Every structure is written in structure tokens, then in C-alpha cells.
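Order of appearance sets the numbers: ligands from 1, and atoms from 1 within every ligand. Owing to the predicted nature of the structure, the values given are computational and were not obtained by experimental measurement.
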Amino acid sequence: IHRREFVVTWSMVASVPLFRELDASAIAEIMRYLNAQSIPAGALIVRRGDIAQSMYFIAEGEVEVQLPTQVVRLGVGQFFGEMAILHQTPRTANVRALAPTKLLILQAYDLQTLIARNPVIGECIREVAAKRSELAPEE
Ligand code: CMP
């Protein structure tokens, strides 16, 4: 699929609620880790069963998480792709863009650094991941 890179801006990072608590220097640091991509509507972003290398924050657009018995929509400010990294498992679901979508991409290695430097953010991401694995129906 055709993925275009674009520049990560301050306001894009600030639009993610998870990062809102951070001071200017912490946001500047996170901006150095993040890459950005434009994803066309309909494109598969994460494939169930794949090995995980990164997680994603939604800066614009909407995605659909395809679980075995339901679909979950995630929008601006939300994130996905954290479960496989934190739990060291293959990707648990397909994730597809529902609209033209802009993503901020964080490599697994950089997530560990970010969590080490910002423990509160790490806690928030872990909590969301735990809640999501409870919701995911067993197969
Ligand atoms: P990961 O397993 O890396 O890749 C698929 C992603 O879908 C997963 O991380 C979560 O970010 C997301 N996901 C899985 N289950 C749910 C759920 N029940 N609700 C919302 N998002 C989910």
C-alpha cells in the first residue's frame, strides 16, 4: 500500500490526550522518536499474527480494529498496536483505516525509553492494553 510520510508537528503530538500532561521538553523529546505516515482509506495497517515493531497514535482519521466477534472504532487521540509490544505476542487483530488517516508511529524500542522516562504514560498505556485484552473475545 501507498504510505506517505509527513512532518510531525507540535499540535499533532499535543492532540493525543496521553501526551497532554507533558511539559514542553518532554514533548520535544517525544517528537524526536515519532515518525508520521498518511494512510489511505481501506488500507490494512496492522495484520493479526504479525510480529510487532511499532505502535500507533491517531493524529487524524479513524481506524477499525477487527476482533473475532466485533469491530471497535478508534479515532483521533487514541492509539493501537501497543498490546503485541507490551505483552510480547503477535498482533492480536487486524487494524484497517476507515478514512484517510494520519498516524504517529513509535518504534517498540522507543516506547520502552518513553515509558522509562515518563512512568505515568507507561501506566496509562498498560491499563488500556489490559482492558483491551479483557474485552477481546477468546477463540
Ligand atoms: P496489537 O495486538 O499490537 O495489534 C492489534 C491492536 O488492536 C492491539 O494491539 C490493540 O491496540 C487493538 N485492540 C485489540 N483488542 C482491542 C479491543 N478490545 N479494543 C480496542 N482495541 C483493541
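- Both tests hold for Arg132 against Phe79: distance to the six-membered ring centre under 6.0 Å, angle to the ring axis within 45°.
- With a 4.0 Å heavy-atom cut-off, ligand 1 is reached by the side chain of Val65 but not by its N, CA, C or O.
- Of the N or O atoms in Ala84, one or more lie within a sub-3.5 Å distance of an N or O in ligand 1.
- Within a 6.0 Å sphere centred on CZ of Arg47, other residues, nucleotides and ligands contribute 12 heavy atoms or fewer.
- In Leu67, the part holding a heavy atom less than 4.0 Å from any atom of ligand 1 is the side chain.
- The environment of Glu29 atom CD is dense: over 12 non-hydrogen atoms of other residues, nucleotides or ligands sit within 6.0 angstrom.
- Among all heavy-atom pairs drawn from Leu74 and Ile58, the shortest one is O-CD1, 3.6 Å.
- Within the structure, ligand 1 has Ala93 among the residues with a heavy atom less than 4.0 angstrom away.
- For Lys131 and Glu134, the salt-bridge test fails: no basic side-chain N is under 4.0 Å from an acidic carboxylate O.
- When non-hydrogen atoms are compared, ligand 1 lies under 4.0 Å from neither the backbone nor the side chain of Met55.
- Not one N or O of Leu135 is nearer than 3.5 Å to an N or O of ligand 1, by distance alone.
- Ring geometry, Phe57 versus Phe19: the interplanar angle falls from 30° to 60°, so the pair is classed tilted.
- Taking every non-hydrogen atom of Thr92 and a distance limit under 4.0 Å, the qualifying atoms of ligand 1 come out as 1 (P), 2 (O), 4 (O), 5 (C), 8 (C), 14 (C).
- The shortest side-chain heavy-atom distance between Ile121 and Ile115 does not fall under the 4.5 Å cut-off.
- Interface atoms of ligand 1 facing Phe80, defined by a heavy-atom separation under 4.0 Å, are 11 (O).
- Proximity annotation for atom 22 (C) of ligand 1: of Gln53, Arg132, Gln66, Arg132 comes nearest, heavy atoms only.
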